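As structure tokens, the structure follows; a few thoughts come after it.
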Amino acid sequence: MKKISLLLLALYLTSCSQKKRKCTDFKTGTFEFVQEINGKKFTSTFTRTETLQIETFNGKTDTASVRWVNDCEFVLQKLHPKTMNERKAISMTILSTEGNSYTFDYSFVGDAKKQRGTVTKIK
């Protein structure tokens, strides 16, 4: 009986710690992403529709297609890449949502190395 109680307690605790994801709240809108590169903070702003994302970073604007895999995963592909690196699609996965922000993992499609960031919805 003691083992069953411990098992139920463990299951209860792990189910409570799951992060909520209201990904559909973030499919479209205007967003801000702040990242640190070599100790300096950079901000990019982007507007996303169901099929396009227009991003301004460091004074430059780029457009990418958006292909939703499911409610919490999508793939970005630049429409006018200038380099071979820009031709690579980027896989994005929303891990958790809270209020007007979400935490996500991103990587080049097929690349095992992922990075993490947080985006804030501003409109």
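Quick caveat: nothing in here was measured; it's all calculated off a predicted structure.
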Does one hydrophobic cluster hold both V119 and V66, with members joined at side-chain heavy-atom distances below 4.5 Å? yes

Is the backbone of T28 close enough, under 3.5 Å, to the side chain of K121 for a donor and an acceptor to pair up by distance? yes

side-chain contact (heavy atoms from CB on, under 4.5 Å) evaluation trace for E73 with W68: CA-CA 6 Å; E73 296 179 56; W68 287 92; over 6 Å; no

Answer yes or no: is there a donor N or O on one side and an acceptor on the other, between the side chain of T103 and the main chain of L95, under 3.5 Å? no

What salt bridge (Lys or Arg N to Asp or Glu O under 4.0 Å) pairs are there with at least one residue in residues 44-59, not counting sequence neighbours? none

So, taking the atom named CD1 in I37 and the one named CZ in F42, what distance separates them when rounded to the nearest 0.5 Å? 5.0 Å

What distance separates S107 OG from M92 CE, expressed to the nearest 0.5 Å? 9.5 Å

Apply side-chain contact (heavy atoms from CB on, under 4.5 Å) to residues N85 and F108 and explain how you reach the verdict. CA-CA 9 Å; N85 210 31; F108 288 116; 3.9 Å; yes

Student check: side-chain heavy atoms of Q77 and I90 closer than 4.5 Å: no

Could you tell me which residues satisfy side-chain contact (heavy atoms from CB on, under 4.5 Å) with E36, sequence neighbours excluded, listed by chain and number? K41

Roughly how far, to the nearest 0.5 Å, is CZ of R21 from OG of S96? 9.0 Å

Determine whether D25 and N100 satisfy the following criterion, side-chain contact (heavy atoms from CB on, under 4.5 Å), listing intermediate values before the conclusion. CA-CA 9 Å; D25 291 352; N100 66 337; over 6 Å; no

Roughly how far apart are F46 CZ and L52 CG, rounded to 0.5 Å? 13.5 Å

How many angstroms lie between OG1 in T120 and OH in Y102, if you round to the nearest 0.5 Å? 9.5 Å

Quick check: do F26 and F31 have side-chain heavy atoms less than 4.5 Å from each other? yes

Within one Ile-Leu-Val-Met-Phe-Trp-Tyr cluster: F33 and L76, side-chain cutoff 4.5 Å: yes

Answer with yes or no whether the side chains of T56 and T61 bring together a donor and an acceptor at under 3.5 Å. yes

Output the distance between atom CZ (F74) and atom OG (S65), rounded to the nearest 0.5 Å. 11.0 Å

Contact between Q35 and F57 at the side-chain level, heavy atoms closer than 4.5 Å - yes or no? yes

Grouping I, L, V, M, F, W and Y whenever their side-chain heavy atoms are under 4.5 Å apart, do V75 and Y106 come out in a common cluster? no

Salt bridge (Lys or Arg N to Asp or Glu O under 4.0 Å): pairs with one or both residues in residues 84-112, sequence neighbours excluded: K78-E86, D105-R116

Compare all side-chain heavy atoms of T43 with those of E32 and state whether any distance is below 4.5 angstrom. yes

